[in-house]
Protein chains: 2
Amino acid sequence: MATVTTRKKGTVRLPQEQRVSDIMAAARQVISEKGYENTLMSEIAERAGVVEGTLYRYFDSKRDLMTKVADAWFEEVLESDTELPRIQGTRERLRYLIWRALMSIRRQPAMSRFMLLEVRQNPDYRHTRSFELNKRMTAEISLLCGQAIERGEFRRDVSVPILRDLIFGCIEHRTWSFLRGEGDFDIDEVADGIANVIYRGMAAVDRASKSEIENVVERLEKVAEKLEERAGGKR
Amino acid sequence: MATVTTRKKGTVRLPQEQRVSDIMAAARQVISEKGYENTLMSEIAERAGVVEGTLYRYFDSKRDLMTKVADAWFEEVLESDTELPRIQGTRERLRYLIWRALMSIRRQPAMSRFMLLEVRQNPDYRHTRSFELNKRMTAEISLLCGQAIERGEFRRDVSVPILRDLIFGCIEHRTWSFLRGEGDFDIDEVADGIANVIYRGMAAVDRASKSEIENVVERLEKVAEKLEERAGGKR
DNA sequence: GATTTTAATGAATTCGCCTCATTATCAATC
DNA sequence: GATTGATAATGAGGCGAATTCATTAAAATC
């Protein structure tokens with residue numbers, strides 16, 4: 001009955017924060033190599049230089065650890081962006097938001113996969129920081145589009161949620177193909193392509209802007225005037 | 001050492017195919033109730049009226065069983081569609097394809113979640129039938145758009161892959177919100193909304209169709225003719 | 001009816017997450 | 001610099017769930 005628990009001498013006691021960040025770093029490493037399902041707590045422990053049980057002093061469960069890793073990563077990605085506030089113009093801002101998302105995927109495909117696929121499995125994903133940050137990102141686009149509609153730059157009869165889903169959905173779908181290795185993509189090309197369709201639509205109905213019509217009308221009016229003058233002069 | 005293995009008398013030996021379909025039916029049931037992670041092989045076995053070990057006679061692993069369930073379901077969904085061939089016109093066909101996808105999600109949210117999220121975790125998703133069927137679905141849209149471009153119905157400078165990603169991405173993104181319970185959606189409204197943006201774009205630049213211009217030109221031409229006549233008459 | 005084949009069994013094993021009583025370390029205190 | 005209290009870290013073990021396999025009974029074949 002009497003369990004004999006021996007314990008190695010010489011184990012170091014780091015300050016809590018250091019340990020936590022060591023573990024998270026190790027976890028991030030393993031996850032991005034193997035994905036959630038194939039990540040073993042034992043491997044994380046090993047790489048962090050602790051024993052498995054120690055992980056549970058700092059994290060409630062595997063899921064909890066993973067969630068925190070995801071949250072931290074997402075936060076970093078968004079924080080590191082100092083560009084956005086400087087960009088002017090609806091189309092340019094929209095293009096940049098798309099570009100930024102594609103860029104972070106290109107830079108860290110494994111983590112992106114983790115964020116897109118595995119983090120969302122979490123039964124209470126809706127209460128995670130990642131979810132919140134994700135919402136904030138989509139809100140940026142919604143706001144942008146909403147304002148464009150207000151200003152009359154975008155059509156009034158388009159639903160903002162659908163627009164948002166189109167943009168983010170496209171980014172994610174593009175990402176899947178990429179992560180599956182179904183061919184690379186050029187970030188600028190895709191960002192342009194999306195913005196292009198969103199702005200101008202697909203239909204090839206031959207259209208002219210109002211100014212072009214005005215132009216024609218003016219030209220014809222001049223002809224008319226000239227004729228009128230001639231007619232008047234002969235009178 | 002000598003393991004005593006007793007075995008119940010009276011167990012029935014069904015034809016293989018029957019057993020397989022029993023197991024798959026049970027598996028589908030449990031999955032759609034609990035999702036992949038929370039599905040237990042033991043529960044599947046119980047519902048199928050066999051013992052756990054039996055599952056492994058017909059399926060290599062849990063993952064294998066799940067994959068086959070997913071494949072079968074996807075196949076059914078696509079097969080049950082007799083509508084598509086009858087629909088004419090690019091816009092109508094496009095709208096229908098979107099509508100169909102949304103519909104199957106609405107009808108079977110749990111299975112859809114499974115397909116969208118959990119099946120894709122499979123390390124070799126790319127070699128599954130589901131993947132192939134999914135590709136076929138996207139190919140339908142690509143074909144449609146490609147033909148529309150050929151016919152001059154769609155603009156030539158839009159990339160078909162981006163268009164495909166926009167459409168499917170949007171559907172999936174919409175689905176996520178729905179599955180997370182962030183609010184319902186009206187299938188027709190969304191299908192229309194997507195088709196609308198895809199066709200006409202967002203930009204609110206005031207545009208007129210060619211026929212409208214022709215109209216103006218014709219009217220002015222008549223005026224000019226009249227003036228010319230008057231001028232000629234006076235000469 | 002004997003023989004062969006094989007579907008089904010259930011006990012045992014494995015594997016991975018997680019718990020917990022025990023113990024070494026460190027900081028504060030004297 | 002010794003004592004002590006608080007607690008970080010340990011490692012053995014529990015537990016749940018997937019998977020294996022030798023054994024056995026049912027069906028098929030002769």
Looking at residues at least two apart in the chain, or sitting in another chain, which of them share a side chain to side chain donor-acceptor pair (under 3.5 Å) with A/E150? none
Got a sec, which residues hit side-chain contact (heavy atoms from CB on, under 4.5 Å) with A/Q18, two or more places apart in sequence or on another chain? A/L14, A/P15, A/S21, A/D22
Salt bridge B/R28-B/E33, side-chain N to carboxylate O under 4.0 Å: no
Of the candidate nucleotides C/dG16, D/dA18, D/dA9, which contains the atom at the shortest distance from the side chain of B/L40? D/dA18
Can you list every pair that meets ring-ring contact (aromatic ring centres under 6.0 Å, His included) and has a residue in residues 100-145 of chain A, with sequence neighbours left out? A/Y125-A/F131
ring-ring contact (aromatic ring centres under 6.0 Å, His included) partners of A/Y56, counting only residues at least two apart: none
What residues in residues 23-39 of chain B put a non-hydrogen atom under 4.0 Å from any atom of DNA chain D? B/T39
Could I get the full list of salt bridge (charged side-chain N to carboxylate O under 4.0 Å, His left out) partners for A/E189, not counting sequence neighbours? none
CD1 of A/I44 versus C1' of C/dC17: gap in Å, rounded? 11 Å
C/dA7 phosphate, OP1 or OP2, under 4.0 Å from B/R19 side-chain N/O: no
Which side-chain N or O atoms in residues 101-109 of chain B pair as donor and acceptor under 3.5 Å with protein atoms at least two apart or in another chain?
{"from": "B/S104", "atom 1": "OG", "to": "B/A101", "atom 2": "O", "distance (Å)": "3.4"}
{"from": "B/R106", "atom 1": "NH2", "to": "B/D184", "atom 2": "OD1", "distance (Å)": "2.6"}
{"from": "B/R106", "atom 1": "NH2", "to": "B/F185", "atom 2": "O", "distance (Å)": "2.7"}

I'd like to check the side chain to side chain donor-acceptor pair (under 3.5 Å) partners of B/R19; sequence neighbours left out, ordered by chain and number. none
Which of residues 45-66 of chain B have a heavy atom under 4.0 Å from DNA chain D? B/E52, B/G53, B/Y56, B/S61, B/K62
Separation of C/dT13 atom P from B/M41 atom CE, nearest Å, is 21 Å
